[in-house]
Amino acid sequence: MEKCKVIAITNQKGGVGKTTTTVNLGVGLVTAGKKVLLVDADPQGSLTVSLGVKNPDALDVSLSSLMQSVMEDERLSGNAIIKHKEGVDLLPSNIELSGIETGLFNVMSREYVLKNAIEGMKQNYDYILIDCMPSLGMMTINALVAADSVIIPSQPNFLSTKGLNLLLRSISKIKRQINPRLKIDGILLTMVDNRTNNAKTIISSLRSTVGENIRVFRSEIPFSVRAAECSLYGESIFSHDRSGRVAAAYAALTKEVTLIEERAKNRSGSDRVR
Ligand code: ATP
Ligand code: MG
């Protein structure tokens, strides 16, 4: 298998569509023929629940067990990966992950534990998407160290766009100090209600300011209760409302994301020719 790309879906602001994007981009990539692992890096376990695991706290093995085994330098007994009917694999989490995060402070190479935990899995996948928790704490730092790139879901409102600066500063600090190959794939506008002038104004100003230096994905995810219903059924929007606007938007996002890789490969190919 060719090289696996690890993408952290991150924003320290809560409720902006990180988990929803992880599920739907993940299933979108599977539909495009890619092998995909989704990693739940949030002790809330929302990704795990959204993919149909009714009681994450009852899981015997999860991301916490895997990280624990890395911290203790031991092999994990048991397989943590769960297969979902839509073709994505899930590395689930539950509340135990918050204990792991607190424990990280006393560990050697504490920023690298998640990276080491998923290293051996990369050979089986084209993409690994990490659903981050809404904070800039140690778990998110671990995700940004494990990642090749980040996608930043953000709602088009004043406070969300203000919060972006803090996030962008943290990302560039991690890039400078620990993970120089980290890239920003782009900012994804979520829960967009184009009927409001406020949203339109914020989007056009974001595209013309931040958009000068960072990709703002052309695909915008519309606000729709259909998107919010998916997690109840443990399925993606492609199963839940296949011909709706949200499915179309996530399909378009999937294309944009795969194009980033194709362009990078073509560039490195032409570098070799030269
Ligand atoms: P957290 O920071 O708590 O992890 P999050 O950033 O992962 O949150 P989600 O859980 O994906 O955000 O979404 C927050 C809420 O908004 C959920 O109830 C979800 O179902 C709903 N939601 C997500 N996308 C949409 C959409 N396009 N339209 C309407 N509701 C949405
Ligand atoms: Mg979430």
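Note that the structure is a prediction, hence the values are computed from the model and not measured. Numbering of ligands and ligand atoms starts at 1, following listing order.
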Check: Ser224 N/O within less than 3.5 Å of ligand 1 N/O: yes

Atom 15 (C) of ligand 1: protein heavy atom closer than 4.0 Å? no

Within ligand 1, which atoms have a heavy atom of Gly17 less than 4.0 Å away? 5 (P), 6 (O), 9 (P), 11 (O), 12 (O), 13 (O)

Any ion pair linking Arg207 and Glu220 (charged N to carboxylate O, less than 4.0 Å)? yes

Indicate yes or no: does an N/O atom of Pro134 lie under 3.5 Å from an N/O atom of ligand 1? no

Answer yes or no: does an N/O atom from Lys18 fall short of 3.5 Å to an N/O atom of ligand 1? yes

Could you tell me whether Pro222 approaches ligand 1 through its side chain, its backbone, both or neither, with non-hydrogen atoms closer than 4.0 Å? backbone

Hey, which atoms in ligand 1 end up nearer than 4.0 Å to a heavy atom of Val16? 5 (P), 6 (O), 12 (O)

Of the options Arg226, Arg242, Lys85, which is the one that meets Glu235 in a salt bridge (Lys or Arg N to Asp or Glu O under 4.0 Å)? Lys85

Does any N/O atom on Ser46 come nearer than 3.5 Å to any N/O atom on ligand 1? no

Does any N or O atom in Thr20 lie less than 3.5 angstrom from one in ligand 1, N or O only? yes

I need the atoms of ligand 1 closer than 4.0 Å to a non-hydrogen atom of Ala227, numbered in the order shown. 25 (C), 26 (C), 27 (N), 28 (N)

Give the residue and atom name of whichever protein heavy atom lies nearest to atom 22 (N) of ligand 1, and the separation in Å to one decimal. Met191 CE, 3.9 Å

Could you state the interatomic distance from CD1 (Ile214) to CD1 (Ile171), rounded to the nearest 0.5 Å? 7.5 Å

Between Ser231 and Ser50, is there a donor-acceptor pair closer than 3.5 Å when you use the side chain of the first and the backbone of the second? no

Can you tell me if Asp193 and Thr196 form a side-chain donor-acceptor pair at under 3.5 Å? no

Are Tyr125 and Asp89 close enough that a side-chain donor and a side-chain acceptor fall under 3.5 Å? yes

Distance alone, cut at 3.5 Å: any donor-acceptor contact between the side chains of Ser236 and Glu86? yes

Heavy atom under 4.0 Å from ligand 1: found in Ala228's side chain, backbone, both, or neither? both

Hey, what do you get for OG (Ser64) to CD1 (Ile95), rounding to the nearest 0.5 Å? 9.5 Å

Measure the distance from atom 10 (O) of ligand 1 to every protein heavy atom, then report the residue, atom name and distance (to 0.1 Å) of the closest one. Thr19 CB, 4.0 Å

Answer yes if the side chains of Ser219 and Tyr250 hold a donor-acceptor pair under 3.5 Å, and no otherwise. no

Polar contact flag, side-chain donor to acceptor under 3.5 angstrom, Ser93-Asp40: no

Protein heavy atom under 4.0 Å of atom 12 (O) of ligand 1: yes

CG (Leu91) and CG (Leu63) are apart, to the nearest 0.5 Å, by 5.0 Å

Which is it for Gln44 and ligand 1 at heavy atoms under 4.0 Å: side chain, backbone, both or neither? side chain

The closest protein heavy-atom partner of atom 8 (O) of ligand 1 is Gly15 N, 3.1 Å

Per-atom filter on ligand 1: closer than 4.0 angstrom to a heavy atom of Gly14 are 2 (O)

Taking only non-hydrogen atoms of Ile221 and a 4.0 Å limit, the atoms of ligand 1 in range are 27 (N)

Any idea which atoms of ligand 1 are less than 4.0 Å away from a heavy-atom of Asp42? 4 (O)

Backbone or side chain, does Thr19 get an N/O/S atom under 2.8 Å to the Mg ion (ligand 2)? yes

Carboxylate-amine/guanidinium contact Lys5 Glu261, below 4.0 Å: yes

